[in-house]
Peer 1: 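Handing you a structure now.
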Amino acid sequence: MSELAAVIAGVRDLLPVLRERAQETEDARRIPAESVKALQETGFFRLLQPKPYGGLEADPVTFYTAVKLIASACGSTGWVASILGVHPWHVALFDAQAQADVWGEDHDVRISSSYAPMGKATVVEGGYRLSGRWSFSSGSDHCTWVLLGGPAFADGKPVDFCTYLVPISDYSIVDVWDTVGLRGTGSNDIVVEDVFVPKHRALSFMATSKCKTPGQEVNPGPLYRLPYGSVHPSTITAPIIGMAQGAYDAHVEHQGKRVRAAYAGEQSKEDPFSKVRIAEAGSEIDAAWLQLTHNIDELYQLACKGEKLPFSTRLRVRRDQVRGTERAISAIDRLFENSGGRALQRGTPIQRFWRDAHAGRVHAANDAERAYVMFGTGEFGLPVENAMV
């Protein structure tokens, strides 16, 4: 068995345990340490990590497949796994010294993030002074580094937009996470108060959007030539599709046992309309997954051949990524509305998947109209001014 196949097999073996812990995860508002440790032992967090630091440099479809599996057992665990799992890929784009800072002594270091510009940096000699408060840093309780987004100012004027890599000694975590969905993700606030970030630990988003980053000098593999605007948004959609699959599996099991008292004791599995809804939902989930994996693999294969990544393909990746989220949500809604009143009970998987998926839907990466406008603009041959492609 190959290393990548072994990771997928290890993840599959964990699914019953993650499913059993789903309510515990939600109640605790964070992923249990035992779950994080178990995922680490499968090699999951090293899938997108560079080989010089013990990583596997897996193809992205393998990574998203593992994410989908995890999210099908527990939405919150799948969400955190996807986000923490993609960060080694992002760190691999940074200057070689930044990578050594993170992984030089421990290849199992985990990194959380909050990319929205909720703070700012001032250019100083040798780097930046960074301050701010960032929200939605999923899984931050299990991490010792964080990636933070924000503009850089010089002489009071914005001169760049960067991602800053900050160690836990320079930030604090504020427990504020109390939500109706994705409750178990521990997506708390990160506070930074006037800390120095050396220049090598800042990565300009202009370089990232052009797929020309300093990390490529030491990580020349095809994985690290993929666009941020393709890899990261897909990291948000993959777990939502996984949640839809989890809801589908739970619904089919539920309907197979359900007896509808209001309809003279009719068994739901004999209801033709129930079968139609299952078919519709299953098709939506499959379509979402096939488009996401086909598109990202197309980019990866081009990168493997050293060929240019067409901007039209990158736009299609974003179009189908947001569409994939919409398809998954539509499928879950269709299943949930057909599950009956008992599915509303606290602790049932269907209502938890429904809430978790809708919480994931509001992530900025799922701004469907914005992605569709970008695609349409590109189809007309007009310039697309957006870095998230």
Side-chain angles (χ1 to χ4, degrees), residues 36 39-40 43-60 62-64 66-67 80-116 121 127-128 130 134 137-140 142-150 152 160-171 190 192 195 197-236 303 387-388:
V36 175
L39 286 171
Q40 178 179 306
F44 170 81
F45 291 117
R46 294 195 186 193
L47 283 173
L48 302 186
Q49 195 159 310
K51 288 182 178 178
Y53 290 107
L56 299 174
E57 291 193 26
D59 63 280
T62 295
F63 172 71
Y64 294 132
V67 166
V80 169
S82 192
I83 289 172
L84 300 192
V86 81
H87 290 154
W89 175 85
H90 195 184
V91 171
L93 307 183
F94 277 70
D95 184 272
Q97 183 57 55
Q99 298 177 50
D101 291 349
V102 173
W103 292 310
E105 296 182 1
D106 183 1
H107 292 174
D108 289 320
V109 164
R110 288 183 295 273
I111 310 111
S112 69
S113 69
S114 182
Y115 291 109
Y128 306 84
L130 179 68
W134 288 260
S137 189
S138 299
S140 51
H142 302 287
C143 301
T144 53
W145 288 79
V146 66
L147 293 157
L148 300 172
D160 203 352
F161 186 93
C162 298
T163 302
Y164 308 94
L165 185 55
V166 182
I168 196 168
S169 57
D170 288 343
Y171 67 87
I190 302 293
V192 174
V195 303
V197 179
K199 187 176 181 180
H200 68 267
R201 286 198 214 139
L203 179 61
S204 171
F205 211 82
M206 288 187 288
T208 307
S209 63
K210 294 176 181 177
C211 299
K212 299 288 186 182
T213 63
Q216 291 168 341
E217 294 182 13
V218 291
N219 298 315
L223 179 63
Y224 306 111
R225 295 199 299 274
L226 296 177
Y228 177 97
S230 299
V231 174
H232 263 264
S234 298
T235 298
I236 297 303
M388 283 297 288

Peer 1: To the nearest 0.5 Å, tell me how far Thr213 OG1 sits from Arg225 CZ.
Peer 2: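 Here the interatomic distance stands at 10.5 Å.
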
Peer 1: Once you round to the nearest 0.5 Å, how far does CG of Asp170 lie from CD1 of Ile190?
Peer 2: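 Taking CG in Asp170 and CD1 in Ile190, the distance rounds to 12.0 Å.
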
Peer 1: Within this structure, what is the CG-CG distance for the pair Leu165 and Leu148, rounded to the nearest 0.5 Å?
Peer 2: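 The distance works out to 9.0 Å.
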
Peer 1: Going from SG on Cys162 to NZ on Lys199, what distance comes out if it is rounded to the nearest 0.5 angstrom?
Peer 2: 10.0 Å

Peer 1: Any heavy-atom pair between the side chains of Trp145 and Asp101 that's under 4.5 Å?
Peer 2: yes

Peer 1: At their closest point, which heavy atom of Gly85 faces which heavy atom of Phe44, and how far apart are they?
Peer 2: CA-CE2, 4.2 Å

Peer 1: Please determine if Asp108 and Arg46 form a salt bridge, counting it only when a charged side-chain N lies under 4.0 Å from a carboxylate O.
Peer 2: yes

Peer 1: Minimum heavy-atom separation for Pro233 to Met388, with atom names?
Peer 2: CG-CE, 3.6 Å

Peer 1: Between the main-chain N or O of Tyr224 and the side-chain N or O of Asn219, is there a donor-acceptor pair closer than 3.5 Å?
Peer 2: no

Peer 1: Give me the atom names and distance for the closest heavy-atom approach of Thr163 to Phe205.
Peer 2: OG1-CD1, 4.4 Å

Peer 1: Go through the steps for His232 and His87 under the test side chain to side chain contact (heavy atoms under 4.5 Å, CB included), then give the verdict.
Peer 2: CA-CA 9 Å; His232 263 264; His87 290 154; 4.2 Å; yes

Peer 1: Would you compute the distance between atom NE2 of His142 and atom CG of Leu84 and round it to the nearest 0.5 angstrom?
Peer 2: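 His142 NE2 to Leu84 CG: 8.0 Å, rounded to 0.5 Å.
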
Peer 1: Using a 4.5 Å cut-off on heavy atoms from C-beta on, say whether the side chain of Pro167 contacts that of Arg201.
Peer 2: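 Touching, per the 4.5 Å side-chain cut-off.
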
Peer 1: Check for a donor-acceptor pair, side chain of Glu57 on one end and backbone N or O of Lys51 on the other, with a separation under 3.5 Å.
Peer 2: yes

Peer 1: Give me the ring orientation class for Tyr53 and Trp103: parallel if the planes are under 30° apart, tilted from 30 to 60°, perpendicular past 60°.
Peer 2: tilted

Peer 1: For Tyr115 and His90, I'd like to know if the aromatic rings sit close, meaning centre-to-centre distance below 6.0 Å.
Peer 2: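 Ring centroids of Tyr115 and His90 are less than 6.0 Å from each other.
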
Peer 1: Using modelled atom types only, decide if a donor and an acceptor are shared between the side chain of Trp89 and the backbone of Leu223 within a distance under 3.5 Å.
Peer 2: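 Checked: pair present.
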
Peer 1: Within the distance-only criterion (no hydrogens, no angle test), does the side chain of Ser82 pair as donor or acceptor with the backbone N or O of Thr235 below 3.5 angstrom?
Peer 2: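 Between the backbone of Thr235 and the side chain of Ser82 there is a qualifying donor-acceptor contact (under 3.5 Å).
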
Peer 1: Which heavy atom in Tyr128 sits nearest to a heavy atom in Ala202, and how many Å separate them?
Peer 2: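 Reported closest heavy-atom pair: CE1-CB, 3.4 Å.
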
Peer 1: Over all heavy atoms of both residues, which pair between Val80 and Gly139 is shortest? Give the atoms and the distance, please.
Peer 2: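 For Val80 versus Gly139, the nearest heavy atoms are CG1-CA, 3.9 Å.
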
Peer 1: Working to the nearest 0.5 angstrom, can you tell me the gap between Ile236 CD1 and Ile83 CD1?
Peer 2: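 Between atom CD1 of Ile236 and atom CD1 of Ile83 there are 4.5 Å.
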
Peer 1: Ignoring hydrogens and angles, tell me if any N or O in the side chain of Gln99 forms a donor-acceptor pair with the backbone of Phe94 under 3.5 Å.
Peer 2: yes

Peer 1: What closest approach, in Å, do Gly149 and Trp134 show between heavy atoms, and which atom pair accounts for it?
Peer 2: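 What the structure gives for the nearest pair is O-NE1, 2.8 Å.
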
Peer 1: Can you name the residues that form a ring-ring contact (aromatic ring centres under 6.0 Å, His included) with Tyr64, not counting sequence neighbours?
Peer 2: none

Peer 1: Do Val146 and Ser112 have side chains that approach each other closer than 4.5 Å (heavy atoms only, starting at C-beta)?
Peer 2: yes

Peer 1: Under 3.5 Å, side chain of Ser137 to main-chain N/O of Ser113, donor-acceptor pair present?
Peer 2: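 The answer is yes, because a donor-acceptor pair under 3.5 Å joins these two groups.
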
